[in-house]
There are 2 protein chains.
Amino acid sequence: MVRTTPKPAVDDLDLATVLHALGDPVRLELVRRLATDGEVGCGAPDLCVPKSTLSNHWRTLREAGLTSTRIDGRNRWMTLRRADLEARFPGLLDAVLAVSAPAGH
Amino acid sequence: MVRTTPKPAVDDLDLATVLHALGDPVRLELVRRLATDGEVGCGAPDLCVPKSTLSNHWRTLREAGLTSTRIDGRNRWMTLRRADLEARFPGLLDAVLAVSAPAGH
DNA sequence: CCCAATTGTTCGATAATCCCGAACTATGGA
DNA sequence: TCCATAGTTCGGGATTATCGAACAATTGGG
């Protein structure tokens, strides 16, 4: 009875991989929602992204070590691995999340 | 008589674009060298990367707004746009540069 | 000035990656 | 059991990355 999806250990987190995962507008938005909402489901109807694409984005985030996935019935709930990220890359996530608007006007 | 290559303005810097540029092992190494050496030339013989590929990596960094290019004869000298990056994304570059080894188990 | 060597960019073809609809799996409810 | 819901996986087409080869630009030597 699997309750969580496997994920890389803290020491295995690779900076380039993490930055690559963050270097996409959709995934960046997902990370922002994780940061504000705490735990979010897989679907994101307001983002105009098909569910197969979303699923791939979540996988990219998970495999990079950014998220942890809890399985509950037929839903998956994602959370940010804030403590792990802070331990491996101090200040990185905070700096990313502190950036306000995409660019300005 | 062109002395510098055009580059995006501070307000036009996009976080996803910057993170994408940083999310590559070779470009990350180039940024590290810029941070430690101040100004570096285009060539990097010790990295096993052909010069056309290196040229593309430098272009990616420049177009993302990470670097400034000064042209001197047949050489180009790249520098990090530290102040601009700090103004637009406070703490981001420092957090990236603070990460020591790739992973080191 | 002419030529050769040096530095780096651009072009083009192959390779790798990404996107997304369709099919599939799994779970829960009627 | 049958159907609806939630997500994953598969396959192909589109996009992007890589890198050798050709090209452009500058410098130094004769």
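Every chain is numbered from 1, with letters handed out A, B, ... down the list of sequences. In this text the structure is predicted, and so the values were computed from the model without any measurement. Note: hydrogens, waters and symmetry copies are ignored here, and every other heavy atom, side chains too, is used.
Not counting sequence neighbours, the partners of A/Ala16 by the side chain to side chain contact (heavy atoms under 4.5 Å, CB included) test are A/Asp14, B/Pro25, B/Leu28. Annotation: salt bridge (Lys or Arg N to Asp or Glu O under 4.0 Å) contacts of B/Arg81 (sequence neighbours excluded): B/Asp84. Residues forming a side chain to side chain donor-acceptor pair (under 3.5 Å) with A/Asp24 (at least two apart in sequence, or on another chain): none. For B/Arg76, the side chain to side chain contact (heavy atoms under 4.5 Å, CB included) partners are B/Thr69, B/Ile71, B/Met78, not counting sequence neighbours. Residues passing the side chain to side chain donor-acceptor pair (under 3.5 Å) test with A/Arg82, sequence neighbours excluded: none. For A/Glu86, the side chain to side chain donor-acceptor pair (under 3.5 Å) test picks out no residue, with sequence neighbours left out. By the side chain to side chain contact (heavy atoms under 4.5 Å, CB included) test, A/Ala9 is found to be paired with A/Asp12, residues two or more places apart in sequence or in another chain being considered. Among residues two or more places apart in sequence or in another chain, the side chain to side chain donor-acceptor pair (under 3.5 Å) test is passed with B/Thr60 by none.
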*Footprint string (nucleotides 22-30 of chain C, 5' to 3'): B base within contact, S backbone only, - free, heavy atoms under 4.0 Å*: B----BB--
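Here C/dC18 presents its C1' atom at 11 Å from CZ of A/Arg59, a figure rounded to the nearest Å. One can place CG of B/Leu61 at 16 Å from C1' of C/dG8, the figure rounded to the nearest angstrom. If you measure from atom CG of A/Leu54 to atom P of C/dC18, you get 15 Å, rounded to the nearest angstrom. When the C1' atom of C/dC20 is taken as reference, atom CG of A/Leu47 falls 15 Å away, rounded to whole Å.
Annotation: proximity of residues 17-29 of chain A to DNA chain C (heavy atom, distance under 4.0 Å) is found for A/His20, A/Asp24, numbered in ascending order.
Of the residues near DNA chain C, B/Ser55 and A/Asn56, the one whose nearest nucleotide (by heavy atom distance) lies more toward the 5' end is B/Ser55.
At a threshold of 4.5 Å between non-hydrogen side-chain atoms, the residues B/Thr67 and B/Lys7 do not count as touching. Side-chain atoms of A/Leu85 and A/Leu13, non-hydrogen and from C-beta on, do get closer than 4.5 Å to each other.
Put simply, chain A comes within 4.0 Å of DNA chain D, heavy atom to any atom, from D/dA4 to D/dT9, going 5' to 3'.
Among pairs with a residue in residues 33-42 of chain B, those fulfilling side-chain hydrogen bond (donor to acceptor under 3.5 Å, both in side chains) read B/Glu29-B/Arg33, B/Arg33-B/Asp46, B/Glu39-B/Arg70, at least two apart in sequence or across chains.
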